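See below for the structure under consideration.
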Protein chains: 2
Amino acid sequence: MQFSPVQPVRAYQRIVEQVEDALARGELVPGQRLPSERELVAQFAVSRSTVREALRVLESNGVVRSRPGDPNGPEILPFSQVALRKQMVRLARVEEVTLSELIGFRMIMDGAAIQVASRLRTPEELDELEQTLVAMRTAIDVDFDAFSQADLAFHELIARISRNSLIQTCNEVVRGVVLGLISDKIAHAPNSRALMLESLHHHAEVVDAIRTGNGNAAARLARQNMFDYYAGYVPDSEQETLRALIEE
Amino acid sequence: MQFSPVQPVRAYQRIVEQVEDALARGELVPGQRLPSERELVAQFAVSRSTVREALRVLESNGVVRSRPGDPNGPEILPFSQVALRKQMVRLARVEEVTLSELIGFRMIMDGAAIQVASRLRTPEELDELEQTLVAMRTAIDVDFDAFSQADLAFHELIARISRNSLIQTCNEVVRGVVLGLISDKIAHAPNSRALMLESLHHHAEVVDAIRTGNGNAAARLARQNMFDYYAGYVPDSEQETLRALIEE
DNA sequence: CTAGTCCACTGGTCAGACCAGTTGCTCTCC
DNA sequence: GGAGAGCAACTGGTCTGACCAGTGGACTAG
């Protein structure tokens, strides 16, 4: 007879589990309301502190929202990847993670999004992509921040067209972290305008490949462009892993 | 003069922010301890309930761990795959993330790991890969669990050879989540042994491509194998996004 | 030296009080 | 009749204080 180690489970955790189980079974759906805290105290037969601690956890997971004075009780929120995103951010910000790892990961994510988008995109979505190119062209004459915003819109659209929310979330996170690390260097580069123009040209090439539905070519182009753009910020000794992602 | 809408910030949220800011600035590092709850009450000049609600949020974010009776106060945690995995599992349960999205993500991660590993692998690492194939061959005659373990060792080694911790982590997490969702179906398939043999054959093909340093071919092979293996578990209407990842 | 007990701390939960915010209803004034 | 003010009953946010189980270290007895 073999026993295994036991672990006490806190009362508030039990409440969290019950609520999430009810969500998984469809017995609670977004838009609905939980009972008030005082009602939950009665139903769960615990103190109000315990209920509130459970609600803090659920809130942090993006499951519910509480508003003071709201007479209808805590609201179930639409499902979102807020908490997953938080964990991805924590992963990306681990101290030992290098810039080259982040850039490599971004190349993979962007490349994959573009590859899938090339196959799945509708004509309307292709039009939207063209519009983002126009916006990028306009933003060049404003400033680097405006160009970054337009660039962001381009990549967010690509990720949306890929219809994979994990790609979307990872892409957003790693793009944000990479940009946070080297944004100053890029914005203050002496040839900033030239870089923006070249970047726009590359984006247009990618859109062309997407238009023709050539996923592999589009992904390879995008990865090559990212390598060219970012390799200068990475130590020579770490570029090998990035090169592996652009070979034919 | 333009004013913007204001939003009250709760006291416990302020505490969460202060702790997370201190982490971001490196003033707190994993392994360190926060002061005890009663000490935090004094430092933040709030009630103990408020401190505890903040700690529930931080705990839910994977930032700290509290143990009853621990005389050293709440512990700062390093990033952990467990928390990332937990969030992915939550999303899968409510179908905010579909099986096809998870499988697609896995194809991308595994494919990328194999592509980079093809370039970076050392002769010693290639030997290690061969050993995992031997272990898989042996495990077929044991049972599906043993084969799964050997399969896991293969993929973990590949991810390690890729020298990208983001790929490693995401790969491990998503593999665990996918396997958790469909493991029962696979283990009880009537042709389980045939599936394991075929899977072993595919892994050997991948290792061959890695040996010759052909990253693109290895990655494509791996993604094709995963598509063949998993496509049956995905609705027809969602297979298009997976097909995009295996086209030439 | 080892085992047991005690003490001072830790975190988990409870009960009750008070406060600010929200909503709906009623009353008064124009 | 319509608009505004006031009130009551609720909501969630925070506070205070008490009690309990768990942990580790110090002390004592064998």
Side-chain angles (χ1 to χ4, degrees), chain A residues 3-20 22 28 30-77 82, chain B residues 3-20 22 28 30-77 80 82-83:
Chain A
F3 294 110
S4 53
V6 296
Q7 190 87 284
V9 179
R10 296 141 179 198
Y12 72 84
Q13 191 58 50
R14 280 280 185 246
I15 296 172
V16 171
E17 285 165 8
Q18 283 197 42
V19 172
E20 300 215 291
L28 277 180
Q32 280 186 341
R33 301 294 186 132
L34 291 182
S36 71
E37 288 179 4
R38 290 166 175 99
E39 177 63 31
L40 292 173
V41 165
Q43 290 193 24
F44 288 117
V46 293
S47 73
R48 197 166 149 220
S49 294
T50 304
V51 163
R52 292 184 56 78
E53 291 190 16
L55 286 172
R56 292 299 78 76
V57 174
L58 289 166
E59 220 167 29
S60 182
N61 285 343
V63 175
V64 303
R65 171 166 57 180
S66 299
R67 284 191 254 214
D70 185 342
N72 301 307
E75 177 185 6
I76 307 282
L77 293 177
V82 163
Chain B
F3 295 110
S4 53
V6 295
Q7 190 85 284
V9 180
R10 293 126 180 220
Y12 72 83
Q13 191 59 51
R14 281 280 186 244
I15 296 171
V16 172
E17 286 165 6
Q18 283 197 42
V19 172
E20 297 197 316
L28 279 179
Q32 280 186 340
R33 299 297 185 131
L34 291 182
S36 71
E37 290 179 5
R38 289 165 175 101
E39 177 63 34
L40 292 172
V41 165
Q43 291 193 24
F44 288 117
V46 293
S47 72
R48 196 166 150 220
S49 295
T50 305
V51 163
R52 291 184 55 80
E53 292 191 14
L55 286 172
R56 291 298 79 74
V57 173
L58 290 167
E59 215 167 31
S60 182
N61 289 345
V63 176
V64 302
R65 171 167 53 181
S66 299
R67 284 191 251 216
D70 185 341
N72 301 308
E75 178 185 4
I76 307 283
L77 294 178
S80 146
V82 171

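Excluded from the calculations below are hydrogen atoms, water molecules and symmetry mates; all remaining heavy atoms, backbone and side chain alike, are included. Order of the sequence lines fixes the chain letters, A, B, ..., with proteins taken first and strands second; residue numbering starts at 1 for each chain. Predicted, not measured: the structure shown is a model, and the values here were computed from it.
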Hey, are the side chains of A:P35 and A:Q43 touching, using non-hydrogen atoms and a 4.5 Å cut-off?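 They are in contact (side-chain heavy atoms under 4.5 Å apart), so the answer is yes.
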I need the A:T50 OG1 to A:L55 CG distance, nearest 0.5 Å.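 These two atoms lie 11.0 Å from each other.
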Show your working on side chain to side chain contact (heavy atoms under 4.5 Å, CB included) between A:V9 and A:E17 and close with a plain yes or no. CA-CA 11 Å; A:V9 179; A:E17 285 165 8; 4.3 Å; yes
With nearest nucleotides of DNA chain D determined for B:D70 and B:Y12 from heavy-atom distances, which residue corresponds to the more 5′ nucleotide?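 Its nearest nucleotide being more 5', the pick is B:Y12.
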Ignoring hydrogens, what is the shortest heavy-atom contact between [X] and [Y]? Give both atom names and the distance.
X     : Y     : answer
B:S60 : A:V57 : OG-CG1, 3.7 Å
B:R10 : A:P68 : NH2-CD, 4.2 Å
B:G73 : B:R33 : O-NH1, 2.8 Å
B:V41 : B:V46 : CG1-O, 3.0 Å

Could you state the atom-to-atom distance from [atom1] of [X] to [atom2] of [N] in whole Å?
X     : N      : atom1 : atom2 : value
A:R48 : D:dC15 : CZ    : P     : 13 Å
B:R38 : D:dC19 : CZ    : P     : 13 Å
A:E39 : D:dA9  : CD    : C1'   : 16 Å

Would you indicate, yes or no, if D:dT14 has its OP1 or OP2 atom less than 4.0 angstrom from a side-chain nitrogen or oxygen of B:S49?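 Checking D:dT14 against B:S49, no side-chain N or O comes under 4.0 Å of OP1 or OP2.
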Check every strand shown and say whether B:P8 touches a base, only sugar-phosphate, or nothing at a heavy-atom separation below 4.0 Å.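 Nothing, no heavy atom under 4.0 Å.
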Taking the side chain of B:P71 as heavy atoms from C-beta outward, which of D:dT23, D:dT11, D:dT14 is closest to it?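 Output: D:dT23.
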Identify, residue by residue, the members of residues 52-63 of chain B with a heavy atom below 4.0 Å from DNA chain C, and return them in order of residue number, or none.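 Listed by number, they are B:R52, B:R56.
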Boundaries of the DNA chain C segment in contact with chain B, non-hydrogen, under 4.0 Å: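 Endpoints of the contacted stretch of DNA chain C: C:dT10 to C:dT13.
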Salt-bridge contact A:R56-A:E59 (side-chain N to carboxylate O under 4.0 Å):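 The answer is yes: the pair qualifies as a salt bridge.
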B:D70 with B:R65: basic N within carboxylate O range, under 4.0 Å: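 Looking at B:R65 together with B:D70, the answer is no, because their closest N to O distance does not fall below 4.0 Å.
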Please figure out whether A:G69 or A:A45 has its closest DNA chain C nucleotide nearer the 5' end.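 Nearer the 5' end of the strand: A:A45.
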